[in-house]
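Start at 1 with the first residue, then count along the sequence.
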Amino acid sequence: MSKRKIILDCDPGHDDAIAIILAAARPGLEILGITTVSGNAEIEKTTANALKICDLVSLHDVIVSKGASEPMVRLRENAPGIHGESGLDGPELPEPSRSWSDEHGVDTIIRLVKESKEPVTLVPTGPLTNIGLALTKAPEIKDNIEEIVLMGGGTIGNWTPTAEFNIWADPEAAKKVFDSGLPIAVMGLDITHQALATKDVIHQVNQIDNKVAKIVGELLVFFASTYKEMFDFDGAPVHDVLAVAYLVAPELFKMKDVNIAVETKGEFTAGTTLVDLHGVTGRKINAKFGMELDVEGFWQLMIEALKKY
């Protein structure tokens, strides 16, 4: 059975980091490359964080390319209140053993998709700037993209009352992606808020006797503390990890075919994803939307993956 070819486009970020760790542990996935974007932290920090996680899980041969430092249209904003000043506060991680590629992340996405003999799945877990720019610069890559599985949006917000951070950070790029006609699966807040790393989950992670699990435990403790402080959550929702989990265990997810439009003009609602759950708009279905997660099955998948290290 051939491996599913993926490109991880991310802004690590605690949950992005754990998403990379899960992807690297799964033999059915082949990570063609990792591209980074400004989001949870500035681009230099998110790229350094991606390299640190690659070192942690021995992804030494996977290209890491620095992508967009600014949104397509808007001013950049980051999220230090959630992820700390480094974007990955909590554990002590050594400086990366290598530098990022000289190739821009957008060009890496275009090149890897074009070079692949099999269709590629894009897995964006940050703002969609790189994907939007790649589709703009080289629309022909759509012919070799199997699916886009992204974390973003939802029927609720976490950065504004109606908008989730990844979509809000670059709604113009998100609109480009949702209007692309490509198959899209969406892990929005409706489902990612079900994937809480509770004290019990963190205890299970800490029982695993290896370096990677120790780091994940420390990431989760920090992430849970900021989510308690900012949102009064009893645990950290590991949003981005669900995009990878969906690739390897789709049976854990209840999805719904919907139309999703992205608001780019609203004075108070920019970045909102209008998820047409009941088909009231009559607009064409353009996404599968995550509704329900088998929470126990998901954490079992994560624990098993961490035990492999």
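- You'll find the side chain of Cys10 stays beyond 4.5 Å of the side chain of Thr46, heavy atoms only.
- Under a hydrophobic clustering in which Ile, Leu, Val, Met, Phe, Trp and Tyr are joined whenever their side-chain heavy atoms come within less than 4.5 Å, directly or via other members, Trp100 and Leu56 fall into the same cluster.
- Using a 4.5 Å cut-off between side-chain heavy atoms of Ile, Leu, Val, Met, Phe, Trp and Tyr, with links allowed through other members, Leu220 and Ile208 fall into the same hydrophobic cluster.
- Here CD1 of Ile34 is found 11.0 Å from CG of Leu112. Values are rounded to the nearest 0.5 Å.
- Annotation: salt bridge (Lys or Arg N to Asp or Glu O under 4.0 Å) contacts involving residues 99-121, sequence neighbours excluded, comprise Lys5-Glu118, Glu103-Arg111, Asp107-Lys137, Arg111-Glu115, Lys114-Glu140.
- Side-chain atoms of Gln194 and Pro237, non-hydrogen and from C-beta on, never get closer than 4.5 Å to each other.
- Taking the salt bridge (charged side-chain N to carboxylate O under 4.0 Å, His left out) definition, one finds that Glu44 meets it with Lys66, sequence neighbours left out.
- Ion pairing between a basic and an acidic side chain is recognised when a charged N comes within 4.0 Å of a carboxylate O; Glu172 and Lys176 show no such pairing.
- Smallest separation of non-hydrogen atoms from Pro12 and Ala17: CB-N, 4.4 Å.
- Listed by chain and residue number, Lys45 satisfy the salt bridge (charged side-chain N to carboxylate O under 4.0 Å, His left out) test with Glu42 (two or more places apart in sequence, or in another chain).
- Atom CZ of Arg98 sits about 5.0 Å away from atom SG of Cys54, to the nearest 0.5 Å.
- Rounding to the nearest 0.5 Å gives a distance of 11.5 Å between CD1 of Ile202 and CD of Glu218.
- Note that the NE2 atom of His83 and the OG1 atom of Thr226 stand 7.0 Å from one another [nearest 0.5 Å].
- In the hydrophobic cluster analysis, where Ile, Leu, Val, Met, Phe, Trp and Tyr join through side-chain heavy atoms closer than 4.5 angstrom, Val212 is grouped together with Val241.
- For Asn144, the side-chain hydrogen bond (donor to acceptor under 3.5 Å, both in side chains) criterion is met by no residue, not counting sequence neighbours.
- Note: Phe222 and His14 have parallel aromatic rings, judged against thresholds of 30 and 60 degrees for the angle between ring planes.
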Working for side chain to side chain contact (heavy atoms under 4.5 Å, CB included), residues Ile145 and Leu135: CA-CA 11 Å; Ile145 293 174; Leu135 292 173; 4.3 Å; yes
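- Checked against the 6.0 Å centroid threshold, His239 and Tyr227 count as a close aromatic pair.
- Thr198 places none of its side-chain heavy atoms less than 4.5 Å from the side chain of Asp234.
- In this structure, His193 has its ring center closer than 6.0 angstrom to the ring center of Phe233.
- When the shell of 6.0 Å around NE2 of His203 is examined, it contains 12 or fewer heavy atoms from other residues, nucleotides or ligands.
- Residue pairs meeting the salt bridge (Lys or Arg N to Asp or Glu O under 4.0 Å) criterion with at least one member in residues 190-200, sequence neighbours excluded, do not occur.
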Sequence neighbours excluded and cut-off under 3.5 Å, please list the side-chain donor-acceptor pairs for residues 299-309, or say none.
{"residue": "Trp299", "atom": "NE1", "partner": "Leu196", "partner atom": "O", "Å": "3.4"}
{"residue": "Tyr309", "atom": "OH", "partner": "Ile21", "partner atom": "O", "Å": "2.6"}
{"residue": "Tyr309", "atom": "OH", "partner": "Ala25", "partner atom": "N", "Å": "3.4"}

Pairs of donor and acceptor atoms involving the side chains of residues 127-134, under 3.5 Å and at least two apart or interchain, shall be tabulated with distances.
{"residue": "Thr129", "atom": "OG1", "partner": "Asp170", "partner atom": "OD2", "Å": "2.7"}
{"residue": "Asn130", "atom": "OD1", "partner": "Ala68", "partner atom": "N", "Å": "2.8"}
{"residue": "Asn130", "atom": "ND2", "partner": "Asp9", "partner atom": "OD1", "Å": "2.8"}
{"residue": "Asn130", "atom": "ND2", "partner": "Thr36", "partner atom": "O", "Å": "2.8"}

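- Every residue was checked against the salt bridge (charged side-chain N to carboxylate O under 4.0 Å, His left out) condition with Glu251, not counting sequence neighbours, and none meets it.
- Using a 4.0 Å cut-off between charged side-chain N and carboxylate O, Arg4 and Glu30 make no salt bridge.
- Taking Asp209 as the reference, nothing meets the salt bridge (charged side-chain N to carboxylate O under 4.0 Å, His left out) condition, with sequence neighbours excluded.
- At a threshold of 4.5 Å between non-hydrogen side-chain atoms, the residues Thr35 and Leu8 do not count as touching.
- Cluster annotation: Leu242 is not connected to Phe223 through the hydrophobic network of ILVMFWY side chains, with a link wherever side-chain heavy atoms come within less than 4.5 Å.
- Evaluation of the salt bridge (Lys or Arg N to Asp or Glu O under 4.0 Å) test over residues 253-264, restricted to residues two or more places apart or in two chains, returns Lys254-Glu292, Asp257-Lys288.
- Applying the ring-ring contact (aromatic ring centres under 6.0 Å, His included) rule to Phe289 yields no partners; only residues at least two apart in sequence or on another chain are considered.
- Take Phe253 and apply the ring-ring contact (aromatic ring centres under 6.0 Å, His included) test, not counting sequence neighbours, and it matches Tyr246.
- The structure places CG of Asn158 at 10.5 Å from OG1 of Thr162, a figure rounded to the nearest 0.5 Å.
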